[in-house]
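Below, each value reflects all heavy atoms present in this structure, side chains not excepted, and no hydrogens, waters or symmetry copies. Sequence lines set the chain letters: A, B, ... in the order given, protein chains first and strands last, and positions in each chain run from 1.
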Amino acid sequence: MLGLVKWFLSIIIIVLLVNVTSASDRKFNIGKLATKEEIAGWDIDVRPDGLGAPIGSGTALIGEEIYTEQCAACHGDFGEGADRWPALVGGEGSLASHDPEKTTGSYWPYASTIYDYIYRAMPYGVAQSLSYDETYEIVAYLLYMSDIIDEDFVLSEKNIGEIEMPNRNGFLLPDPRPDILNTNGQPCMENCNVSTKVIGRARDIDVTPEDESS
Amino acid sequence: MNKKKQTKKNPTNKKLNRRQLITGTASLGAIALAPKNVLSQETNPDNLPPNLPEWTQYLGDGVDVNPYGIPSEYEGHVIRRNVEWLTASAESSVNFTPLQDLEGIVTPNGLCFERHHGGVSVINPKDFRLMINGLVDREMIFTLDDLKRFPQTNNFYFLECAANGGMEWRGSQLNGCQYTFGMVHNVQYTGVKLSDLLMETGLKDKAKWVLAEGSDSSGMTRSIPIEKILDDCIIAWAMNGEALRPEQGYPARLVVPGWEGNMWVKWIRRLEFGDKPYMTREETSKYTDLLTSGKARMFTWVMDAKSVITSPSPEKPILSKGLHQLRGLAWSGRGKIKRVDVSIDGGKNWKTAQLHSPVLSKSLTRFTMPFEWNGEELKLQSRAIDETNYVQPTITELQKIRGVNSIYHNNSIATWLVSKNGKVDNVRLG
């Protein structure tokens, strides 16, 4: 008898617990709880401090081969780019020039971003097909080509958050806009002091797609 | 649906042939010269009074010729267009909304510009899942049907790519309203507010940022501060009354009103809550605004007030003397449009245009102004002022502060030069 009471009590407690964890403070009671396995399959992002970096490692020495195989067709043997596909290395010292070249080496502020992007989106058209190690190897090779690490440096989940990128401090926060003078809603309406001379015409540049322009 | 259409006899084509025969060789020549899909728009005197046009005498198509209706065959020129030399591949590229051919404030779904980073994902809505994980009380997964059971919201919002007008920083480059302003569209979104959805998951106190992630082959990701997420962001499944188009993120996308289009993650699959921004590729190497100092602004999310004259424009020359209606669009990511001024002399003198209702917050707003044209040269400009009293700047003002390497956030006033023959050109004044 006592056993039966205990059994009943434990059932009640279980019911109460389930209620507490799944529905009691939910307003609509819609959707299902995600399992750890479900989350693990999709939670692939890697943050600048290395949070989210999966266990794995690679060096530029090994990375060269896989880069040549998987990346070079579009990005060039040395990351110089091909046709309109982007260059991945080079451009150091160009950011303040008239023709800035923004590459992983010259512009990207965090190594984590290179890992995150390559793993989630590359190779172009075969996304998320690289292993963790292969991704570390390619990132190591890119960092090596930009003289950020040595060729035998073992890049891994333990140190990707500590790589110092050359342009780490190249970004300004917060957004200073509105950054223009006129925010009083009362612009000049008559005889405004502006130059109205034509100094350039799109027609003369002649890069507008032909069939569609008037 | 397509299969059915192809196997069916198509009466429209038959009638077309008859019409072509009737109109004779002159207009057949015109058809051959016109761009693909564009029919001759030459006037046929046989159809004018006192004659009877064929459509008056003979039966037209019955119902169901197009189970899903399409625009008139004479509107074949109203299409999205791209600039092929801009990008390496069509799967990671952009095209432009034909603003010059649109009226009112609603962009038809099939004309909303496209921007993909890994092509258009094709997703069975039964296989759609939205995962919410990280710093929440309950990590959860929602189906599309789940999302539709929440209280719903229906709002018009513009979506503008931060790079709209990006080719014009150094000078007038592309000769068209479509190519210089067409990375914007405006539709009514149906969806669930994230502030409602998150009542199910709860939020930890430390949650300050959200990583929004797409399920397309670019795995598009952006970090969004939690204040914005809780303010007015939506997970939308419908646009202009029907399901999202595949190219706009079917079956569900994120809507981030007033902020740059790249953040409106399409084919959304996951929202992760964290205590810091994630610094994804799209918010570091892209969508940052490089200044002349070599430093770049980061997290420049709001789309500032902007306007464009859609007609006359390079695609819409003035064809006759006398009265015309100048038409245009204005918008601001900071709220409602308060006023739009128009100049016909390159910005020396301005008159206030008429705004048409509805004037909605973070939505395209239509303006018009009647004007008389007698064959003189005009330098047309429009200037938007929003409810925060922000006045749309000139390109000179922007260049002074930001230089010419920014690419993004060019919301400057454009100039359309109307020549004495009525042709219109995109020009730079200085």
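Chain A forms the most heavy-atom pairs under 4.5 Å with one residue out of B:Leu290, B:Thr292, B:Leu197, and that residue is B:Leu290. The greatest number of non-hydrogen atom pairs below 4.5 Å with chain A, out of B:Gly176, B:Gly119, B:Gly347, B:Gly118, is found for B:Gly347.
For B:Asp145 and B:Lys148, the salt-bridge test fails: no basic side-chain N is under 4.0 Å from an acidic carboxylate O. We find that B:Arg383 and B:Asp341 are joined by a salt bridge, their nearest charged nitrogen and carboxylate oxygen being less than 4.0 Å apart.
When heavy atoms are compared at a cutoff of 4.5 Å, B:Trp85 approaches chain A by way of both its backbone and its side chain. Contact annotation for B:Arg334: only side-chain heavy atoms (C-beta onward) come within less than 4.5 Å of a heavy atom of chain A. Contacts between A:Tyr110 and chain B at a heavy-atom distance below 4.5 Å involve the side chain alone, from C-beta outward. Interface residue A:Ser97: only backbone heavy atoms are found under 4.5 Å from chain B. For chain B, the nearby part of A:Tyr107 is the side chain; its heavy atoms alone come within less than 4.5 Å. Interface remark: B:Arg297 contributes backbone and side-chain atoms alike to the contact with chain A (heavy atom separation under 4.5 Å).
Looking only at side-chain heavy atoms (C-beta outward), B:Gln178 and B:Glu315 come within less than 4.5 Å of each other.
Around the OH atom of A:Tyr124, the shell of radius 6.0 Å holds more than 12 heavy atoms that belong to other residues, nucleotides or ligands. Shown here is A:Arg201, whose CZ atom has no more than 12 heavy atoms of other residues, nucleotides or ligands within 6.0 Å.
The aromatic rings of B:Trp209 and B:Phe299 sit tilted, their planes meeting at an angle between 30° and 60°.
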